[in-house]
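Before any comments, here is the structure.
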Amino acid sequence: MTTKIGQDLIAWYKKNKRDLPWRNTNDPYLIWVSEIILQQTRIDQGLSYYLRFVVRFPSIEDLANASENEVLKYWQGLGYYSRARNMHASAKQISELYKGKFPDNYDQIKSLKGVGPYTAAAIASIAFNLPHAVIDGNVNRVISRLYGIEIAVNTNNGQKLVDEKLNTIFVRNDPANFNQAIMELGAMICKPSSPECNKCVLNVNCVAFQQNRVNDFPVKIKLKSPELLYLFYFILKYQNNSQQFVYLNKRGENAIWKNLYDFPGLQFNSKKEMNEVVTEFKQKYFPNNFTQNPEKITGPIKHQLTHKSILAFFIELKIDKLSVNNFDDKLIAVTVEELQKYPVSKLIENYIKANL
DNA sequence: GTCCAGCATG
DNA sequence: CATGCTGGAC
């Protein structure tokens, strides 16, 4: 009875699945790469990144031997950059600890940096056919609608109930197809808005559909809203032998955009007058009474992060190279042509493309 | 313009 | 339980 739902799901999947590159391989490395890229990311957005990534890093060793900067560069624009840094670290770990052979059991897979319960279950089932059921956003939605789960799925009790219900329909002897089938149904049919219930193979079993309450699920508790953050970036330009240079700043290990590059600047949690900011910046970076005024000011540019709503301003300032106070050697001078070699956030990428 | 989808970590 | 990114839907 319960396995019929699972079998129906698999039959539907085999007939309707999208042809995607990571579905045509058993290489655990390639499946791992695809799963990390697709964490918190839609296929439409991640596909081109995956294709470029595996051409440059076709094996664990290729990834392990690359520099972090280059790996981040291949990740530029995808967001959640810790995924790239963790995957790079894990590639080195596999290379040393397992002599380059991808671990083939759930616990070792899950011990890799950046691999949590979802990704470990996905790799274990898809690459090694081990009976671990995945729970991602799609599965939460499908299961909570199918069983009319009233407890919020983003709570411990909600997850326990989803897991329990999921395991009643899980097809243990075909975990790879079952897991991909339920996620594919969530992505293609049981969508967050405007789900296509009339096409759904599970609609006769679906509590939400039968009660005409599909939009009531999944139940979620709302999270804290983001705080405002004001960023003032200074584009310090100087001319040398007919070449245009600007200063980049390497971000540290703290807070957002770890280890990416941006411009030197100041940040505040509340509004600030532009001339105050410029004065403060000059005092900090130019100890010798620097009087040049900004040439161009761009902003405010809005940029939304998970827990911060950013308002960014970009201030262009012509300078004499030698006068900059370079704290901790965080600043590097690069030509405008060289800018493209450095990994940057989408906010910075957009500014460079439009203005430099 | 605002909101939401999509996992891992400390 | 708080934090990290971006794109697309609305």
Tell me what [X] touches on the nucleic acid: a base, only sugar-phosphate, or nothing, going by heavy atoms under 4.0 Å.
| X | result |
| --- | --- |
| A:L305 | base |
| A:R85 | nothing |
| A:K110 | nothing |

### Query
Looking at DNA chain B, which of residues 116-126 of chain A put a heavy atom within less than 4.0 Å of it?
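Heavy-atom cutoff 4.0 Å gives A:G116, A:P117, A:Y118, A:T119.
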### Message
Counting only heavy atoms and a strict 4.0 angstrom limit, can you tell me which residues of residues 127-138 of chain A come near DNA chain B?
### Response
A:D136, A:G137, A:N138
#### Entry: Residue-level proximity of residues 34-56 of chain A to DNA chain C when a heavy atom falls under 4.0 Å
A:R42, A:Q45
### Query
Going by atom types only, do A:Q159 and A:N140 share a side-chain donor-acceptor pair under 3.5 Å?
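There is such a pair (donor and acceptor under 3.5 Å, judged by atom type) between the side chains of A:Q159 and A:N140.
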### Task
Would you tell me whether A:N129 and A:D174 have side-chain atoms, one donor and one acceptor, within less than 3.5 Å of each other?
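Note: A:N129 and A:D174 side chains miss the donor-acceptor criterion.
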Is it true that [X] and [Y] have a side-chain N and a carboxylate O under 4.0 angstrom from each other?
| X | Y | answer |
| --- | --- | --- |
| A:K73 | A:E68 | no |
| A:R251 | A:D262 | yes |
| A:K4 | A:D8 | yes |

#### Entry: Pairing residues for A:Q239 by the side chain to side chain contact (heavy atoms under 4.5 Å, CB included) criterion, not counting sequence neighbours
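Only A:Q244 meet the side chain to side chain contact (heavy atoms under 4.5 Å, CB included) criterion with A:Q239.
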Could you state the [atom1]-[atom2] distance from [X] to [N], rounded to the nearest angstrom?
| X | N | atom1 | atom2 | result |
| --- | --- | --- | --- | --- |
| A:W75 | C:dG7 | CH2 | P | 14 Å |
| A:K191 | C:dA9 | NZ | P | 10 Å |
| A:R251 | C:dC5 | CZ | C1' | 12 Å |

### Ring centres under 6.0 angstrom apart (A:F232, A:F268)
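Aromatic pair counts; centres sit under 6.0 Å.
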### Query
Is the ring centre of A:F313 less than 6.0 Å from the ring centre of A:Y233?
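Between A:F313 and A:Y233, the centre distance exceeds or equals 6.0 Å.
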### Query
How long is the span from the NZ atom in A:K296 to the CG atom in A:L317, to the nearest 0.5 Å?
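So the NZ of A:K296 and the CG of A:L317 are separated by 13.5 Å.
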### Query
If each of A:Y81 and A:S194 is mapped to the nucleotide of DNA chain C with the nearest heavy atom, which maps nearer the 5' terminus, i.e. the 5' end?
A:Y81
### Task
With DNA chain C as reference, determine whether A:L347 or A:H307 sits nearer its 5' end, using the nearest nucleotide of each.
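The answer here is A:H307.
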### Test item: A:S82 and A:K258 side chains (from C-beta on) under 4.5 Å apart, heavy atoms
yes
### Contact check, side chains of A:Y342 and A:V334, non-hydrogen atoms, under 4.5 Å
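Sidechains of A:V334 and A:Y342: in contact.
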### Audit row: A:N105, A:Q108, side-chain hydrogen bond (donor to acceptor under 3.5 Å, both in side chains) steps and yes/no
CA-CA 6 Å; A:N105 64 78; A:Q108 285 182 340; 3.0 Å; yes
## Note on the structure
On DNA chain B, more 5' by nearest nucleotide between A:V115 and A:Y80 is A:Y80
### Task
Applying ring pair (Phe, Tyr, Trp, His ring centres under 6.0 Å) between A:W22 and each of A:W32, A:F53, A:Y29, A:Y50, report the one that passes.
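Looking at A:W32, A:F53, A:Y29, A:Y50, the match for A:W22 under the ring pair (Phe, Tyr, Trp, His ring centres under 6.0 Å) is A:Y50.
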### Query
Can you pull the side-chain hydrogen bond (donor to acceptor under 3.5 Å, both in side chains) pairs that have at least one residue in residues 40-49 of chain A, sequence neighbours excluded?
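Counting only pairs at least two positions apart or across chains, the side-chain hydrogen bond (donor to acceptor under 3.5 Å, both in side chains) contacts touching residues 40-49 of chain A are A:T41-A:R83.
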### Message
Going 5' to 3' along DNA chain B, between which two nucleotides do contacts with chain A fall, using a heavy-atom cut-off of 4.0 Å?
### Response
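From 5' to 3', the first and last contacting nucleotides are B:dT2 to B:dT9.
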